[in-house]
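The next block holds one structure in the form of structure tokens; read it before the comments.
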Amino acid sequence: MSGDHGRGDSQVNSGSKGSDSHKHKDKQQQRSLCHWRALSDLLDWNSVTSVAFSEHKEYAEKKHKDKEKPRHSDGSADRHREKHKDKDKEKRKEDKLQSLSSHPDKPKKEKENGYVRERSPAAIKSEPEDDNGFYPSPKHNRATKREKDDDEEFEYKPKKVKVEHDKKAKKRKHEYEDDEEEEVYQLNEEEEKWKWWEEERYTDGSKWRFLEHKGPVFAPPYEPLPNKVKFYYDGKPMKLSAPAEEVATFFAKMLDHEYTTKDIFRKNFYKDWRKEMTSEEKSIITDLNKCDFREMSEYFKAQSEARKQMSKEEKQQKIKEENERILQEYGFCIMDNHKERIGNFRIEPPGLFRGRGDHPKMGMLKRRIRPEDIIINCSKDSKQPKPPPGTKWKEVRHDNKVTWLVSWTENIQGSIKYIMLNPSSRIKGEKDWQKYETARRLKKCVDRIRTQYRDDWKSKEMRIRQRAVALYFIDKLALRAGNEKEEGETADTVGCCSLRVEHIKLYPKLDEQEYVVEFDFLGKDSIRYYNKIPVEKRVFKNLQLFLENKQPEDDLFDRLNTSILNKHLQELMDGLTAKVFRTYNASITLQQQLKELTCPEDSIPAKILSYNRANRAVAILCNHQRAPPKTFEKSMQNLQTKIDEKQKQLSAARKQLKAAKADHKASHDEKSRKTVEVKRKAVQRIEEQLMKLQVQATDREENKQIALGTSKLNYLDPRISVAWCKKWSIPIEKIYNKTQREKFAWAIDMAEKDYEF
DNA sequence: CTTTCGACTTAGGACGACATCG
DNA sequence: CGATGTCGTCCTAAGTCGAAAG
């Protein structure tokens, strides 16, 4: 792999500039990714051992000793699982019953009563006609139940809705949430927290009965530059027509970015820019290199500087208020009987397209979206959003089989963009929950599936072997499915099924290991995946077979694509697709790691470090990277300085304690005894502070180029984290911020400390 | 069957608000 | 109190996957 894939300053992938850091990263990644796999018994599919973090030796060693046995004789873990399998169903039944009655360890007991089916009129602006807004009755469910759900019924189907309104529950809730929640409550004051997860879901494929919203917020119109700010062509000032000027400003705003120097970017920009020019402008401007945007660029810099300056001042306040007003007006919709937050109600403003990686379309003009481009989706009986005066919507439709409120077609790829609800909404939450339930179903049959694909490695048919090897990679390495992509339309990235010969290297023997496969390719977002991993002999032989008579640019799996693979998976388990393996392996890894890493006697910060480490194991598995923060080295140094200082403080405090003790021994009076106590406390306090700093430093160092957020948000069953918090009395706020708590409200409400993924 | 489309999830980076420190 | 560092939010690109279209 070469160059920096256009990720510019991102060190993660920069090759040309930061090849050193690059290499370093590779090494690190290699170390972590391979190491743990090397150590894991081949039957031990899911363990990401703490050895992954071998850099942190004492730590690793300590934990390792503790845990080694159970982990490596993982037959035991499997047996264990096996044993529980039968019980599983029963247990779930019990769970269901139990959760209907009470949540034992919730602070201030809050169940028994609690299933509010929200009909609070306050929450509803315009009540839809009668029975229009409610979920179908259970009887009705039976008849129309989606097949897909059948298997899930057991674990996923929400409990029956029992109780009507309960104001007490509401009140209690208020008491027990901590102060910082106050705001949220005010925001949704009238609409008390709605527990959609305690209601029936739609089973007929419809997504809602009633939908009303205000439509999108458009990008502000273009404001022409003041006359004093000039554009120069070939050294001479030139006044541009408004359309040409607008596009020019897009370029000017990006002048500091490396990519404005890239050929493709410039070529694409120039081509699209010309389309906006008057014929006169076209005839004058014939060479982008003669264009001077610097004055414009300076002007924008000055402007943003000015904006920063007026922070805090009243003008800032005004802007804030205006934003709040827009949020209140456009940021919510009514779906069925509830006011729900919209995710992205602002239409993307025009600008220059910047794809990730080496994107062939970088620099193209992303055009301004007008009302005429917009399709509105809402229910017939709702108050339809009004287009801005003098304009019309492209279309207004009433399709309750989809979840979007607004859509338009974007001009770069010709794909459709949507306005949809916030992750905290019912419609997103249900789907999320369902996703984890599917992954849990995979847990139950994953052994069978693994046995089968290992068998398939021996198949007579090439396509079956390829399928089986690909599936092995998806399972073991958490690779993405890898749809084919249209060449020349997007950056050249691959996933499992689209791997090419050039992306892997085979080493019959490497260092001490046999049958090593080296992966090196760009995945989603042009993030590099680099890994060396020993595989089973049979896999290795198969790979050699697949490679025969092929060119580097040929497909590794020429008889396979995602559609074939997913069809096969569907047959193995209802609802199974390639990405379920990622979810499953991520969640199960978190659960295992938490079990392994959490020391009961640890302090809370130490436990949180363990959590972060478990989270990190998952992020490494899923290859979630980030560019190391620009200020990383410096801030690390600062932290180290602080630690050193603290250490000095500590030894000073210890000395004082010693002196005080001696003093006390000599005098035995009350006063000196007190002094000893005081000094002892001081030492203790400083020790704690030091500990905290050290933990912080370790955590940050380990996290240098690993992004935890993505897995936390998309792959880890939140109930695992919630259960862990409950088990160890860790405040949930330490793990999830406000937004995350909103998204995972369902899990926070329903998971108990003994929840098992 | 293959290709394209549509809807939805997953992803990293930019940026500004907020916290913390000297 | 201003500078600096951190964190959350916003943004929108880039995937997955099923279904429609050809």
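Quick note on labels: first sequence line is chain A, next is B, and so on, each numbered from 1.
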query: Atom CZ of A/R528 to atom P of B/dG12: distance rounded to whole Å?
result: 16 Å
- prompt: Given atom NZ of A/K743 and atom P of C/dT9, what is their separation to the nearest angstrom?
  reply: 13 Å
query: Residues in ring-ring contact (aromatic ring centres under 6.0 Å, His included) with A/F269, at least two apart?
result: A/F251, A/W273
message: Does B/dA7 have its OP1 or OP2 closer than 4.0 Å to a side-chain nitrogen or oxygen of A/T403?
response: no
Value in whole Å for how far the P atom of B/dC15 lies from NZ of A/K253: 12 Å
task: Could I get the full list of salt bridge (charged side-chain N to carboxylate O under 4.0 Å, His left out) partners for A/E410, not counting sequence neighbours?
output: none
- prompt: Can you check the A/Q434 CD to C/dC17 C1' distance for me, whole Å?
  reply: 14 Å
- request: Respond yes when some side-chain nitrogen or oxygen of A/K435 is under 4.0 Å from OP1 or OP2 of B/dT10, and no when none is.
  value: yes
query: So do the side chains of A/L471 and A/I449 get within less than 4.5 Å of each other, counting heavy atoms only?
result: yes
field: Counterpart residues, ring-ring contact (aromatic ring centres under 6.0 Å, His included), relative to A/Y330 (two or more places apart)
entry: none
query: Any side-chain donor paired with an acceptor under 3.5 Å for A/D358 and A/S526?
result: no
With A/Q413 via side-chain hydrogen bond (donor to acceptor under 3.5 Å, both in side chains) - residues at least two apart: A/H359
field: Partner residues of A/R559 under the salt bridge (charged side-chain N to carboxylate O under 4.0 Å, His left out) criterion, sequence neighbours left out
entry: none
statement: Taken to the nearest whole Å, OH/A/Y418 to P/B/dC5 is 12 Å
message: Rounding to an integer number of Å, can you tell me how far A/L716 CG sits from B/dT9 C1'?
response: 15 Å
field: For A/K435, all residues meeting salt bridge (charged side-chain N to carboxylate O under 4.0 Å, His left out), sequence neighbours excluded
entry: A/D432
message: Can you work out whether A/N561 or A/D432 has the more 5'-proximal nearest nucleotide on DNA chain B?
response: A/N561
Distance-only donor-acceptor pairs under 3.5 Å for side chains of residues 399-409 of chain A, two or more places apart:
{"unit_1": "A/D399", "atom_1": "OD1", "unit_2": "A/K401", "atom_2": "N", "d": "2.8"}
{"unit_1": "A/N400", "atom_1": "ND2", "unit_2": "A/W208", "atom_2": "O", "d": "2.9"}

field: Side-chain donor or acceptor of A/N422 paired with backbone N/O of A/E340 under 3.5 Å
entry: no
task: Can you sort out the partners of A/Y299 under ring-ring contact (aromatic ring centres under 6.0 Å, His included), two or more places apart, ordered by chain and number?
output: none
statement: Given protein heavy atoms under 4.0 Å, the one-letter contact record of nucleotides 3-8 of chain C, with B base, S sugar-phosphate only and - none, is simply --SS-S
query: What is the distance from CG of A/L713 to P of B/dA11, rounded to the nearest Å?
result: 10 Å
Please tabulate, one pair per line, each protein N/O and nucleotide N/O from nucleotides 20-22 of chain C that are separated by under 3.5 Å, including the distance.
none

- prompt: For A/K301, which residues count as a salt bridge (charged side-chain N to carboxylate O under 4.0 Å, His left out) partner, sequence neighbours excluded?
  reply: A/D256, A/E298
- line: Result for 5'-nearest mapping on DNA chain B, choosing between A/K567 and A/D399, is A/K567
Please list, for nucleotides 12-16 of chain C, all pairs of protein and nucleotide N/O atoms separated by less than 3.5 Å.
{"unit_1": "C/dA13", "atom_1": "OP1", "unit_2": "A/K366", "atom_2": "NZ", "d": "3.1"}
{"unit_1": "C/dA13", "atom_1": "OP2", "unit_2": "A/K417", "atom_2": "NZ", "d": "2.4"}
{"unit_1": "C/dA14", "atom_1": "OP1", "unit_2": "A/R356", "atom_2": "N", "d": "2.6"}
{"unit_1": "C/dA14", "atom_1": "OP1", "unit_2": "A/H359", "atom_2": "ND1", "d": "3.3"}
{"unit_1": "C/dA14", "atom_1": "O4'", "unit_2": "A/D525", "atom_2": "OD1", "d": "3.4"}
{"unit_1": "C/dG15", "atom_1": "OP1", "unit_2": "A/T493", "atom_2": "OG1", "d": "2.8"}
{"unit_1": "C/dG15", "atom_1": "OP1", "unit_2": "A/D525", "atom_2": "N", "d": "3.1"}
{"unit_1": "C/dG15", "atom_1": "OP2", "unit_2": "A/K485", "atom_2": "NZ", "d": "2.9"}
{"unit_1": "C/dT16", "atom_1": "OP1", "unit_2": "A/A481", "atom_2": "N", "d": "3.2"}
{"unit_1": "C/dT16", "atom_1": "OP1", "unit_2": "A/G482", "atom_2": "N", "d": "2.7"}
{"unit_1": "C/dT16", "atom_1": "OP2", "unit_2": "A/N483", "atom_2": "N", "d": "3.0"}
{"unit_1": "C/dT16", "atom_1": "OP2", "unit_2": "A/N483", "atom_2": "ND2", "d": "3.0"}

- request: Provide, to the nearest angstrom, the distance between the CH2 atom belonging to A/W208 and the P atom belonging to B/dA7.
  value: 13 Å
